[in-house]
Amino acid sequence: MTDFTEKVWQAVKKVPRGEVTTYGYIARKVGKPRAARAVGNALKRNLYRDMHLSKEVPCHRVVRTDGSLGGFARGTKEKLSLLKKEGIKIIDNRVDSKFIVN
DNA sequence: CTAATGACCATTA
DNA sequence: ATAATGGCCATTA
């Protein structure tokens, strides 16, 4: 477990239900404004290695800056249904910008 | 050590 | 609107 990865978790954990954020936002939050890509990588790997923690980290609430869903280890389909279940409005595979916190 | 790999992003065409 | 491009960066091979 690296320091960077740890920080990413902490940041993502704080995203409340019914709210969505972006990879770039998390990157800024952990003090590495240009590490958006690395954030995505970290989340993916964590899901495999630390499954017990993956339940505490709402990684499905992290999407791309343009509102498109981005990736998800179990498929974007699953990501979509999780978000809808939380009351997030999604139009044509894009999260309504109203729900995205920057 | 270097090279490759992405759950990314902004810009350009 | 989509597609290609170049940059970005932590992690892994």
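Given the structure is predicted, the values throughout are model-derived calculations rather than measurements. Letters go in sequence order (proteins before strands), and every chain restarts at 1.
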Open item on the list: Whole angstroms only, please: what is the CH2-P distance between A:W9 and C:dA10?
Closed with: 18 Å
Task: Minimum heavy-atom distance A:T76-A:G70, with the two atoms named - done: CG2-O, 3.3 Å
Task: Length of the NZ-P vector between A:K79 and B:dA7, whole Å - done: 11 Å
Open item on the list: Using a heavy-atom cut-off of 4.0 Å across all strands, would you classify A:T5 as base, sugar-phosphate, or nothing?
Closed with: sugar-phosphate
- [ ] Take atom CG of A:N93 and atom P of B:dA7, then tell me their distance rounded to the nearest Å.
- [x] 17 Å
TODO: Check A:L80 against A:I90 and note the closest heavy-atom contact, atom names and distance.
DONE: CD1-CD1, 3.3 Å
Task: Heavy-atom side-chain contact between A:M1 and A:E6 under 4.5 Å - done: yes
TODO: Grab the two heavy atoms, one from A:A35 and one from A:A27, that are nearest each other, plus how far apart they are.
DONE: C-CB, 3.9 Å
TODO: When you get a sec, tell me which of C:dA1, B:dA7, B:dC9 is the closest nucleotide to the side chain of A:A36?
DONE: B:dC9
- [ ] Check whether any side-chain N or O of A:K44 sits under 4.0 Å from OP1 or OP2 of B:dG6, and answer yes or no.
- [x] no
Open item on the list: Can you identify which nucleotide, out of B:dA7, C:dA10, B:dC9, has its nearest atom closest to the A:T65 side chain?
Closed with: B:dC9
Open item on the list: I want to verify a distance call: between C:dC9, B:dG6, C:dT12, whose nearest atom is closest to the A:N41 side chain?
Closed with: B:dG6
Task: Separation of C:dC8 P from A:K32 NZ (nearest whole Å) - done: 14 Å
- [ ] Examine the base of C:dC9 for any acceptor or donor lying under 3.5 Å from a partner atom in the side chain of A:R37, and report the outcome as yes or no.
- [x] no
Open item on the list: Hydrogens and angles aside, do A:H60 and A:E86 bring a side-chain donor and acceptor to less than 3.5 Å of each other?
Closed with: yes
Open item on the list: Does any part of the side chain of A:L83, heavy atoms only, come nearer than 4.5 Å to the side chain of A:V20, both counted from C-beta?
Closed with: yes
Open item on the list: Among B:dA7, B:dC9, C:dC9, which nucleotide has an atom closest to any side-chain atom of A:A35?
Closed with: C:dC9
Task: Nucleotide B:dA7, atom P - distance to CZ of A:R64 in whole Å - done: 10 Å
Open item on the list: Can you give me the closest heavy-atom contact between A:F4 and A:A42, atom names plus distance?
Closed with: CE2-CB, 4.3 Å
Task: d(CG, A:L82; C1', B:dA7) in whole Å - done: 14 Å
- [ ] Would you kindly give the CG-to-C1' distance between A:L43 and C:dA10, to the nearest whole Å?
- [x] 12 Å
Open item on the list: A side-chain contact here means heavy atoms from C-beta on lying under 4.5 Å apart; do A:D66 and A:R94 qualify?
Closed with: yes
Open item on the list: For A:V95, is there any backbone N or O sitting under 3.5 Å from a side-chain donor or acceptor partner on A:K89?
Closed with: no
TODO: Mind calculating the distance between NZ (A:K7) and P (C:dC9) to the nearest angstrom?
DONE: 15 Å
Task: Sub-4.0 Å heavy-atom contacts from residues 19-31 of chain A onto DNA chain B, ordered by number - done: A:Y23, A:G24
Task: Pair assignment for DNA chain C - dot-bracket with | for other-strand partners, Watson-Crick or G-U under 3.5 Å - done: .||||||.|||||
Task: NZ/NE/NH1/NH2 to OD/OE distance under 4.0 Å, A:E56 and A:K13 - done: yes
Open item on the list: Using a distance-only criterion (donor-acceptor N/O pair, under 3.5 Å, no hydrogens), is the base of C:dG7 paired with the side chain of A:R34?
Closed with: no
